[in-house]
**Q** 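Quick one: the structure is below, questions incoming.
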Amino acid sequence: MNKLRFAPSPTGNLHVGNIRTALINYLLAKKLSGHFMLRIDDTDIERSNLIYEEQIKKDLVWAGMNWDSEVKQSQRINKYKEVLDLLISKQLVYPCFEDPEELNLKRKAQLSSGNPPIYDRKSLNLTDKEIEERISNGKKPHYRFFLKSEKIIWNDLVRGECLLDTSSVSDPIIVREDGRFIYTLASVIDDSDFKITHIIRGEDHVTNSAVQIQIFKALNSQIPQMGHLSLMTDIDGGGLSKRIGSLSIDELKKQNIEPQALTSYLAKIGSSQNVELHNSINHLINEFDINSFNKAPTKFDYEFLKNFNIKFFQLINFNTIKERITENKAYFTKEFWDFIKTNVSSIDQIHEWLDILYGNFYIDKNNNFETKNLYLNCFPDQPIDHLTWSKWLENITLKVNDKKINIIKNIRAFLTGKSSGPELSSLIIFLGKEKIFQRLKTDN
RNA sequence: GGCCCCUUCGUCUAGUGGUUUAGGACAUCGCCCUUUCACGGCGGCAACACGGGUUCGAAUCCCGUAGGGGUCACCA
């Protein structure tokens with residue numbers, strides 16, 4: 001059974017980068033007829049917040065992703081402790097006593113003298129006696145995983161063969177001084193216990209992955225297949241993280257970006273597949289190909305998305321869009337949709353047109369009522385059909401000396417209060433005689 | 001600064017030494033359709049980061065330069 005996971009930390013809201021990772025994991029899981037797990041990585045209790053957790057779930061659902069199982073790292077601490085003890089007994093993990101300031105200072109010194117800021121393993125040389133001494137003095141240890149010096153090679157699902165020399169990396173801290181577990185270890189334990197088969201995440205995790213491969217080995221666990229997506233940048237090529245705030249899912253919703261538009265874009269960007277609109281996420285699953293992704297960083301083009309989002313309304317099918325209608329829903333028929341869809345670019349606009357045609361739409365009375373009256377008198381005295389419009393227009397032109405285009409503009413304004421919209425020949429049929437008369441009468 | 005990755009039209013990309021006047025999609029521009037706007041149809045513009053090699057021949061291989069991204073947390 002193939003099993004993938006999305007593991008957000010509930011320390012903030014989802015942004016486009018996160019949701020792309022979530023989406024690609026989801027799509028690959030479903031493509032492989034596998035299982036998609038949501039794992040809440042809340043080991044950092046200080047920064048984690050239940051509010052974010054709830055919002056993340058809402059956002060995932062909004063985007064059309066449902067998870068098959070869910071787990072929270074904060075509820076697995078006992079398991080982590082067990083594994084830690086095991087690793088300590090195998091001497092793969094060792095206690096350290098430097099405090100953060102000390103490490104920071106050391107790093108800066110290494111950096112300024114042109115050396116890579118790698119931990120010097122000073123605490124590794126501590127004798128048992130020295131360790132006991134520190135502990136009895138009230139000093140609390142944090143723990144590091146001893147990284148064996150080797151070249152780690154894996155066949156990356158998107159980057160091909162990858163190589164990382166662990167001698168260029170510090171022994172990772174896996175337990176903090178206060179006893180809380182760090183992601184590096186917790187994640188491996190979970191991936192191992194829950195039998196995750198594929199780990200797809202951003203390129204920012206490649207070093208982690210190499211380190212974690214060694215931890216998987218230490219735990220005698222099966223190493224999942226790894227895939228590292230290139231990161232998205234902003235349109236100028238700068239890191240996206242710097243502008244996270246403006247690209248939160250919340251903000252996209254406010255900008256009326258439709259979930260299908262977003263996921264259609266995010267599932268294909270950075271790959272060799274063309275961005276096309278899907279009606280349901282199943283289309284995306286069918287087309288998904290992890291091998292089509294490029295190693296080069298991808299620009300997140302918000303203008304593209306906005307434009308694409310407009311197209312959404314031309315291509316989305318009736319049933320999908322109907323679910324989104326909240327007002328005057330009874331009037332939202334297939335006929336109405338086919339009539340209006342090329343003239344709207346947001347749900348709000350659909351609601352507006354429903355109101356114009358069927359609701360208590362208010363029309364400005366500051367119009368020329370002489371003209372209104374004249375037009376009204378020219379209205380063909382017969383049931384409205386597809387010929388009514390040309391007849392009506394003809395009647396008017398016989399009586400007034402005005403360009404047709406002006407008459408058309410006037411009628412559109414009188415009837416809908418707008419300067420553009422769907423063609424009037426159909427519009428008057430939808431509107432009906434009663435409303436037409438009502439809106440042209442000057443004393444209403 | 002060390003290490004890793006990347007660099008083809010505005011954007012996402014195809015391209016693995018000759019089939020390439022570098023292909024597609026989206027955007028853009030023009031025309032047609034349309035008694036509005038839009039949709040739709042047709043067409044145009046538009047790119048191999050730079051410099052050296054290797055080769056009969058290089059977007060493609062090698063070296064260098066420049067630029068971008070990532071990472072080097074008691075975050076995930």
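We name chains A, B, ... by the order of the sequence lines, and we start the count at 1 in each one.
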**Q** Looking at A/S9 and B/A76, is any side-chain donor or acceptor paired with a base atom of the opposite kind under 3.5 Å?
**A**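 Under the 3.5 Å cut-off, the side chain and the base do not form any donor-acceptor pair.
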**Q** Nearest whole Å is fine: how far is B/G2 P from A/D120 CG?
**A**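 Between P of B/G2 and CG of A/D120: 20 Å.
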**Q** May I ask you to evaluate whether A/S425 reaches the phosphate of B/U35, defined as a side-chain N or O under 4.0 Å from OP1 or OP2?
**A**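 So the side-chain polar atoms of A/S425 never come under 4.0 Å of the phosphate oxygens OP1 or OP2 of B/U35.
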**Q** Should B/C32 be called syn or anti, with syn set as within 90° of 0?
**A**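 The base of B/C32 is oriented anti (glycosidic angle more than 90° from 0).
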**Q** At 4.0 Å (heavy atoms only), tell me whether A/S113 reaches a base, stays on the sugar-phosphate, or touches nothing.
**A**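 The answer is nothing, as A/S113 stays clear of every strand by at least 4.0 Å.
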**Q** Contact class for A/G421 (heavy atom, under 4.0 Å): base, sugar-phosphate, or nothing?
**A**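 Here A/G421 touches the bases of the nucleic acid.
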**Q** Give A/E423 one of three labels, base, sugar-phosphate or nothing, depending on what nucleic acid heavy atoms sit under 4.0 Å from its own.
**A**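 Since a base atom lies under 4.0 Å of A/E423, the category is base.
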**Q** To the nearest angstrom, how far is A/F145 atom CZ from B/A73 atom P?
**A**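 In whole Å, B/A73 P and A/F145 CZ are 17 Å from each other.
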**Q** Would you indicate what A/S271 reaches in the nucleic acid, counting non-hydrogen atoms under 4.0 angstrom: base, sugar-phosphate, or nothing?
**A**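 Sugar-phosphate, backbone atoms only, no base.
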**Q** For B/G40, give its Watson-Crick or G-U wobble partner with both distances under 3.5 Å, or none.
**A**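 Partner of B/G40: B/C32.
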**Q** Looking only at side-chain atoms of A/P116, point me to the closest of B/C74, B/G2, B/C26.
**A**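 The nucleotide sitting nearest to the side chain is B/G2.
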**Q** Can you identify which nucleotide, out of B/A38, B/C74, B/C26, has its nearest atom closest to the A/N343 side chain?
**A**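 Within the option list, the nearest is B/A38.
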**Q** Applying a 4.0 Å non-hydrogen cut-off, can you work out what A/K404 is touching in the nucleic acid: base, sugar-phosphate, or nothing?
**A**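 Contact class for A/K404: base.
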**Q** Taking the minimum atom-to-atom distance to the side chain of A/I173, which one of B/A76, B/C74, B/C12 wins?
**A**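 The listed nucleotide nearest to A/I173's side chain is B/C74.
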**Q** Determine the contact category for A/D165: base if any of its heavy atoms lies under 4.0 Å from a base atom, sugar-phosphate if only primed atoms, P, OP1 or OP2 are that close, otherwise nothing.
**A**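 It contacts nothing in the nucleic acid.
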**Q** For A/Q314, which contact category applies under a 4.0 Å heavy-atom criterion: base, sugar-phosphate, or nothing?
**A**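 The residue A/Q314 makes sugar-phosphate contact but no base contact.
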**Q** Counting the atoms with a prime plus P, OP1 and OP2 as sugar-phosphate, which does A/E276 contact under 4.0 Å by heavy atoms, base, sugar-phosphate, or nothing?
**A**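 No contact.
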**Q** What I want to check is whether an N or O donor and acceptor connect the side chain of A/D204 with the base of B/A76 at under 3.5 Å.
**A**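 Not at all, since no donor on one side and acceptor on the other fall under 3.5 Å apart.
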**Q** May I ask you to verify whether the side chain of A/N274 and the base of B/G24 hold a donor-acceptor pair under 3.5 Å?
**A**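 Present.
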